[in-house]
Amino acid sequence: MGFVDLFKDWGGHVFSICGIIGGLFMYYRHDKRIKTQEQLLNDLQIKQYKKAEDQEKQAKVECNILSGNKGSRRVRFYNSGLSDARNVRIEILNEDKLEGVEGIRNWGPYELITPRNGSREERIFLCEGHTDVLQLRITWDDDFENNRSLLQSPQL
C-alpha cells in the first residue's frame, strides 16, 4: 500500500477535518470581532444615557432684553434648562462703566427659577448716549452642580 492508496483512503477525511478546523477558527475570530464591536456600541450607548441624564439635571439661566416705551427696557432672566435653577445670582460686570442707564441695582439673588415658564424681570431706563451692552455673569445652583455660571452680553 503506497502513499497514493493512503491518500485515497484518508485524504478526504484529512481535508474535511482541516475544513472544520478552519471554519471553527474563522467563527471564533469573527465572533471576537463582533463582541468587540458590541462592547464599543454598549459603551457609546451608556455614554449617551449618562449625557441625557446629566442634561436632565441641568438648568441654564439666560437673559433677554425686551424693549418697552420711551427708553424703558425689561431685563428678563429665564431658565431654558430642564431642572430648577436655585439661588440665582446676577453680577453686573461693567456696572462702573455704564452711562445713561438708570434703575440698575443689585439684582437677585432669586431663590428659584423653574424651567419653561419661570422667569424674573427687572426694569431699566435708558437715557440718551447710553452704553450699548450690559455685561452679566449669571451664577446658579442646580441638581447637576453648584455655582454653574454663564457670561452674557445682551445688547441694550
- Query: After noting the C-alpha distance and the side-chain angles of Trp107 and Phe77, does the key distance pass the ring pair (Phe, Tyr, Trp, His ring centres under 6.0 Å) rule?
  - Reply: CA-CA 10 Å; Trp107 294 338; Phe77 300 99; 5.8 Å; yes

- Task: Drop me the distance from Gln55's CD to Gln58's CD, to the nearest 0.5 angstrom.
- Result: 6.5 Å

- Message: What I'd like to find out is whether the side chain of His130 reaches to under 4.5 Å of the side chain of Leu156, using heavy atoms alone.
- Response: yes

- Non-hydrogen side-chain atoms of Glu91 and Leu151 separated by less than 4.5 Å: no

- Query: Between Asn146 and Trp140, is any pair of side-chain heavy atoms under 4.5 Å apart?
  - Reply: no

- How many angstroms lie between CG in Asn64 and OG in Ser119, if you round to the nearest 0.5 Å? 10.0 Å

- Message: Apply side chain to side chain contact (heavy atoms under 4.5 Å, CB included) to residues Leu134 and Ile92 and explain how you reach the verdict.
- Response: CA-CA 7 Å; Leu134 187 61; Ile92 303 165; 4.0 Å; yes

- Query: How long is the span from the CD1 atom in Ile90 to the CZ atom in Arg120, to the nearest 0.5 Å?
  - Reply: 11.0 Å

- Message: Quick one, Ile138 with Arg89, criterion side chain to side chain contact (heavy atoms under 4.5 Å, CB included). Give me CA distance, side-chain angles, the key distance, then yes/no.
- Response: CA-CA 6 Å; Ile138 307 168; Arg89 296 150 335 259; over 6 Å; no

- Look at the side-chain heavy atoms of Ile, Leu, Val, Met, Phe, Trp and Tyr, link any pair under 4.5 Å apart, and say whether Leu112 and Val88 land in one connected group. no

- Query: What heavy-atom pair brings Thr131 and Lys97 nearest, and what distance separates the two atoms?
  - Reply: OG1-O, 3.5 Å

- Task: Walk me through it: do Val75 and Glu121 pass the test side chain to side chain contact (heavy atoms under 4.5 Å, CB included)?
- Result: CA-CA 5 Å; Val75 182; Glu121 283 190 7; over 6 Å; no

- Please tell me if the side chains of Arg148 and Thr139 come closer than 4.5 Å, counting only heavy atoms from C-beta onward. no

- Message: When you compare the side chain of Glu53 with that of Lys57, does any pair of heavy atoms fall below 4.5 Å?
- Response: yes

- Query: Phe125 and Val101: same hydrophobic cluster, using ILVMFWY side-chain contacts below 4.5 Å?
  - Reply: no

- Nearest heavy atoms of Cys127 and Glu102, plus distance in Å: SG-CG, 4.1 Å

- Message: Within the structure provided, determine whether Arg137 and Leu150 are in side-chain contact (heavy-atom separation under 4.5 Å).
- Response: no

- Note on the structure: The side-chain hydrogen bond (donor to acceptor under 3.5 Å, both in side chains) partner of Gln39 among Asn42, Thr36, Asp43 is Asp43

- Contact check, side chains of Leu44 and Gln48, non-hydrogen atoms, under 4.5 Å: no

- Message: Between Asn87 and Glu111 (side chain of the first, backbone of the second, donor and acceptor by atom type, cut-off under 3.5 Å), is there such a pair?
- Response: no

- Indicate yes or no: at least one non-hydrogen side-chain atom of Arg123 is less than 4.5 angstrom from one of Leu66. no

- Distance-only side-chain donor-acceptor flag, Glu62 / Ser80, under 3.5 Å: yes

- With distance as the sole test, does Asn79 use its side chain to make a donor-acceptor pair with the main-chain N or O of Ser83 at under 3.5 Å? yes

- Item | Linked, directly or transitively: Tyr78 and Leu136 (ILVMFWY side chains, under 4.5 Å) | no

- Okay, side chain of Gln152, backbone of Cys63: is any donor-acceptor separation there less than 3.5 Å? yes

- Message: Strictly distance-based, threshold 3.5 Å: is any side-chain N or O of Asn94 a donor or acceptor partner for the main-chain N or O of Val133?
- Response: yes

- Message: Applying salt bridge (charged side-chain N to carboxylate O under 4.0 Å, His left out) to Lys60 and Asp142, what does each step give before you reach the verdict?
- Response: CA-CA 9 Å; Lys60 185 176 183 187; Asp142 56 25; over 6 Å; no

- Is the backbone N or O of Ile65 less than 3.5 Å from a side-chain atom of Arg76, with the two atoms forming a donor-acceptor pair by type? no

- Message: When you group the ILVMFWY residues by side-chain heavy-atom contacts below 4.5 Å and let the links chain together, are Val61 and Leu82 in the same group?
- Response: no

